[in-house]
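Everything on this sheet refers to the single structure shown next.
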Amino acid sequence: MAALVIADHDGAHLRDTTHKTVTAALALSSDVDVLVYGEGVKTVAEAASKIAGVRKVLVAESADLKQDIAEDVAALITGLAVNYDAVAIPASASGKNFAPRIAAALDVSLLSDVIEVVDGSTFVRPIYAGNALETVQTSEAKKVLTVRTTAFKAAAEGGSASVETVTAPATKAGTRFISEEKVTSDRPELGAAKIIVSGGRALGSKEEFDAVIDPLADKLGAAVGASRAAVDAGYAPNDYQVGQTGKVVAPELYIAVGISGAIQHLAGMKDSKVIVAINKDPEAPIFSVADYGLVADYKTAIPDLMKALG
Amino acid sequence: MKILVPVKRVLDYNVKVRVKSDQSGVDLANVKMSMNPFDEIAVEEATRLKEKGVATEIVAVSIGPAQAKDTIITALTIGADRGILIQTDQDVEPLAVAKLLKAVAETEKPDLIIMGKQAIDGDNNATGQMLSTLLDWPQATFASKVVVENGEAQVTREVDGGLQTLGVKLPAVITTDLRLNEPRYASLPNIMKAKKKPLETKTVADYGVDVTPRLKVLKVTEPPKRSAGKKLADAAELVANLKSAGVL
Ligand SMILES: Cc1cc2nc3c(=O)[nH]c(=O)nc-3n(C[C@H](O)[C@H](O)[C@H](O)COP(=O)(O)OP(=O)(O)OC[C@H]3O[C@@H](n4cnc5c(N)ncnc54)[C@H](O)[C@@H]3O)c2cc1C
Ligand SMILES: Nc1ncnc2c1ncn2[C@@H]1O[C@H](COP(=O)(O)O)[C@@H](O)[C@H]1O
């Protein structure tokens with residue numbers, strides 16, 4: 001039984017979500033290969049070849065793959081899947097976009113957001129915004145899973161896998177790339193950060209959000225996150241949203257500022273190691289998961305915190 | 001232009017989830033059920049396209065128990081013209097839902113299918129992409145903006161790191177994200193009107209799709225509980241605690 005892991009990267013750097021997905025795949029099979037797709041991704045492939053436990057790295061390059069068009073990516077992986085019993089994909093927005101296509105093309109279920117591989121055919125996944133955990137068993141020949149990477153440890157470095165080129169099948173005509181608008185930031189990415197400072201509706205405006213949340217994040221070397229309410233109101237970009245339908249994070253330290261703690265938000269951060277809540281309402285549900293709570297107006301609490309941090 | 005909108009009946013997003021003590025599932029007896037929020041956004045978007053004169057007919061379809069009729073009526077209240085209920089008491093998995101929707105699409109021949117990105121019960125985020133694959137129609141998931149012109153939908157998508165805009169040739173499948181629109185509230189006259197709109201009831205057998213579950217649910221359990229920690233007096237005390245916890 002061999003497994004194929006799809007690498008997560010930004011074109012230049014391999015994300016450690018790949019290492020975590022390798023760990024999940026190694027629980028299924030000792031023969032784990034990694035696919036790196038994109039354009040100009042040789043260095044990413046080299047980085048993948050150094051993950052311990054990886055047998056072989058496959059590299060597929062084309063302009064369409066660079067734009068991450070689901071039809072193209074899924075066609076490539078579905079073609080490769082004949083050689084594998086399992087395909088494991090990090091549950092990023094990109095992975096969620098194409099993974100179900102592979103499952104449908106192979107006529108198998110998608111095992112979505114897997115948090116534990118019990119054995120080769122049994123998996124645990126959260127349902128209802130993480131308020132319940134479902135253990136499912138499948139007898140299907142091929143397994144296609146997206147992996148909730150926060151639930152797995154990163155595979156170590158130290159491998160020396162061979163790197164092989166594969167060709168992507170011809171492009172689909174029905175979808176065309178028009179444009180993209182990427183948020184650039186010098187701060188760590190949400191998925192990789194050790195510390196996250198998240199702001200909620202309480203911040204009231206984009207100016208206030210930037211003036212309060214950003215300096216604290218910079219002082220801590222943290223990534224910035226947000227609640228849905230803050231994103232909907234335009235205080236923060238969409239990919240900052242933490243929660244059931246946004247990003248799932250599990251940093252060492254998560255600081256929630258002016259966030260009430262709706263279950264949809266908790267679904268995205270309650271596995272953080274240490275949670276801090278700063279909220280003026282002592283009854284706010286966020287305090288029920290917080291290790292440390294400050295019942296305070298952020299307008300005084302954050303400047304105080306900046307001072308106390310020195 | 002005809003739009004098909006699949007809508008799912010799910011546990012209302014405000015209801016506290018209770019896992020059954022025999023670990024067989026989540027308790028759905030006597031709790032409020034509603035249309036999946038992402039599907040409401042899909043119906044709203046279709047309705048706006050109709051109001052703009054882009055769409056001419058909206059068909060809402062739901063696969064579920066008899067009570068899923070209410071979910072369809074909610075869609076008819078927002079603006080759908082007619083409904084199809086594929087009635088079953090079985091839990092239908094995303095792949096089987098996609099196969100049923102494919103069969104519906106083959107008879108209804110819509111130009112566009114708009115559906116939710118994710119049903120908030122199973123949190124699969126799979127059916128739209130599967131349906132697009134089975135129909136071999138282009139897909140644009142996680143939409144935060146949709147413009148339809150010249151036989152193409154230009155869809156702005158919420159992706160890792162920002163936004164991406166794709167053009168998909170119709171017919172196509174679009175899945176909605178939260179920021180696509182804000183669904184309207186039901187007005188009394190629209191509720192009255194909805195009850196008079198056509199609603200057909202079908203069975204799974206009518207479509208010849210095998211909906212036997214592929215996954216066996218061994219158990220459904222509660223996640224490990226996090227307990228509330230301590231409330232601190234001030235920022236200085238917070239920093240001291242974070243330092244001794246080793247996270248600063
Ligand atoms: C289908 C669906 C999916 C969703 N997905 C997500 C998701 O992925 N992520 C997500 O976050 N939400 C999600 N939500 C929304 C969620 O239900 C909540 O509405 C949202 O999380 C609320 O955001 P908030 O806590 O910032 O705002 P609010 O709930 O309005 O809370 C603001 C908090 O700030 C506090 N406050 C106000 N002023 C101050 C002050 N001066 N100082 C300190 N504290 C102050 C208040 O006491 C309050 O607790 C989803 C909802 C639905 C229906
Ligand atoms: N039983 C169903 N009936 C109608 N539509 C459904 C059903 N299940 C899923 N869908 C549609 O598929 C979307 C994604 O669901 P899922 O893949 O289960 O997360 C939902 O938002 C609905 O639009």
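Chain letters run A, B, ... following the sequence lines, proteins first and then strands; every chain starts at 1.
- When each of A:Leu190, A:Leu266, A:Val183, A:Ile263 is scored by its heavy-atom pairs under 4.5 Å with chain B, the top score falls to A:Val183.
- Both the backbone and the side chain of B:Gln139 have a heavy atom closer than 4.5 Å to some heavy atom of chain A.
- Comparing B:Lys243, B:Glu237, B:Gln129, B:Gln154 by how many heavy-atom pairs each has under 4.5 Å with chain A, the most go to B:Gln129.
- For chain A, no part of B:Lys16 is nearby; none of its heavy atoms comes within less than 4.5 Å.
- The shortest side-chain heavy-atom distance between B:Val239 and A:Leu305 falls under the 4.5 Å cut-off.
- By number of non-hydrogen pairs under 4.5 angstrom with chain B, the leading residue of A:Glu180, A:Lys194, A:Lys182, A:Gln67 is A:Lys182.
- Only the side chain of A:Thr122 comes within less than 4.5 Å of a heavy atom of chain B; its backbone N, CA, C and O stay farther away.
- Proximity to chain B (any heavy atom under 4.5 Å) is restricted, for A:Ala301, to the backbone atoms N, CA, C and O.
- Across B:Met130 and A:Pro100, no two heavy atoms sit closer than the pair CG-O, 3.4 Å.
- At a threshold of 4.5 Å between non-hydrogen side-chain atoms, the residues A:Leu133 and B:Pro223 count as touching.
- Taking a 6.0 Å sphere around CD of B:Glu182, one finds it holds 12 or fewer heavy atoms contributed by other residues, nucleotides or ligands.
- Put simply, of A:Ser94, A:Ala308, A:Gly310, the one with the most heavy-atom pairs under 4.5 Å next to chain B is A:Ala308.
- Highest contact tally toward chain B, considering only A:Thr245, A:Thr146, A:Ile278, A:Asp304, is held by A:Thr245 [criterion: heavy-atom pairs under 4.5 Å].
- Taking both residues in full, the closest heavy atoms of B:Leu134 and A:Ala104 are given as CD2-O, 4.1 Å, listed atom of the first, atom of the second, then distance.
- For chain A, the option among B:Thr165, B:Asn14, B:Leu218 with the highest count of heavy-atom pairs below 4.5 Å is B:Thr165.
- Heavy atoms closer than 4.5 Å to chain A are found in both the backbone and the side chain of B:Leu166.
- Interface residue B:Ser227: only backbone heavy atoms are found under 4.5 Å from chain A.
- Of the two parts of A:Arg228, the backbone and the side chain both hold a non-hydrogen atom closer than 4.5 Å to a non-hydrogen atom of chain B.
- Between B:Val247 and A:Lys273 there is a side-chain heavy-atom pair separated by less than 4.5 Å.
- Neither the backbone nor the side chain of B:Leu131 comes within less than 4.5 Å of any heavy atom in chain A.
- For B:Lys225, no part lies near chain A; criterion is any non-hydrogen pair under 4.5 Å.
- Contact annotation for A:Val124: neither backbone nor side-chain heavy atoms come within less than 4.5 Å of a heavy atom of chain B.
- Heavy atoms closer than 4.5 Å to chain A are found in both the backbone and the side chain of B:Leu163.
- For a residue to count as touching a neighbouring chain, one of its non-hydrogen atoms must lie under 4.5 Å from one of that chain's; by this rule B:Glu158 touches chain A with backbone and side chain alike.
- Options B:Val17, B:Leu178, B:Thr141 differ in how many heavy-atom pairs under 4.5 Å they form with chain A, and the most are formed by B:Leu178.
- At a threshold of 4.0 Å, the pair A:Arg176-B:Glu152 counts as salt-bridged, since one of the basic side-chain nitrogens sits closer than that to a carboxylate oxygen.
- Per-residue counts of heavy-atom pairs under 4.5 Å with chain A were compared for B:Leu248, B:Thr221, B:Val217; the largest is that of B:Thr221.
- Contact of B:Thr156 with chain A is not made at all, since no heavy-atom distance falls under 4.5 Å.
- Side chains of B:Arg179 and A:Asp232 form a contact here, defined as non-hydrogen atoms less than 4.5 Å apart.
- No part of B:Ala98 comes within reach of chain A, as not one of its non-hydrogen atoms sits under 4.5 angstrom from that chain.
- In this structure, B:Lys231 satisfies the cation-pi test against A:Phe287, with its NZ or CZ atom closer than 6.0 Å to the six-membered ring centre and inside 45 degrees of the ring normal.
- Chosen from A:Asn97, A:Ile102, A:Ile195, A:Ile69, the residue pairing most often with chain B at heavy-atom distances under 4.5 Å is A:Asn97.
- Dense packing is recorded around CD of B:Gln23, with more than 12 heavy atoms of other residues, nucleotides or ligands lying under 6.0 Å away.
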Take A:Asp107 and B:Arg214, measure what salt bridge (Lys or Arg N to Asp or Glu O under 4.0 Å) needs, and give me the verdict at the end. CA-CA 10 Å; A:Asp107 194 35; B:Arg214 305 276 191 93; 3.2 Å; yes
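- Heavy atoms closer than 4.5 Å to chain B are found in the side chain of A:Gln264, but not in its backbone.
- With a 4.5 Å cut-off on non-hydrogen atoms, B:Tyr13 touches chain A through its backbone and its side chain both.
- If you tally non-hydrogen atom pairs under 4.5 Å between each of B:Arg157, B:Glu222, B:Glu93 and chain A, the highest count goes to B:Arg157.
- For chain A, the nearby part of B:Val26 is the side chain; its heavy atoms alone come within less than 4.5 Å.
- In this structure, A:Lys96 does not pair ionically with B:Asp160, as no charged nitrogen and carboxylate oxygen lie closer than 4.0 Å.
- Contact annotation for B:Ala233: only backbone heavy atoms (N, CA, C, O) come within less than 4.5 Å of a heavy atom of chain A.
- When heavy atoms are compared at a cutoff of 4.5 Å, B:Pro94 does not approach chain A at all.
- With hydrogens and angles left out, the side-chain atoms of B:Asp123 and A:Gln244 include a donor and acceptor closer than 3.5 Å.
- Comparing B:Ile120, B:Thr175, B:Asn125, B:Val159 by heavy-atom pairs within less than 4.5 Å of chain A, the highest count is held by B:Ile120.
- In this structure, A:Asp291 contributes its side chain and B:Lys230 its backbone to no donor-acceptor pair below 3.5 Å.
- A salt bridge does not link A:Asp271 with B:Arg226: none of the charged nitrogens is closer than 4.0 Å to a carboxylate oxygen.
- Ranked by heavy-atom pairs under 4.5 Å with chain B, the list A:Val231, A:Val295, A:Leu220 is led by A:Val231.
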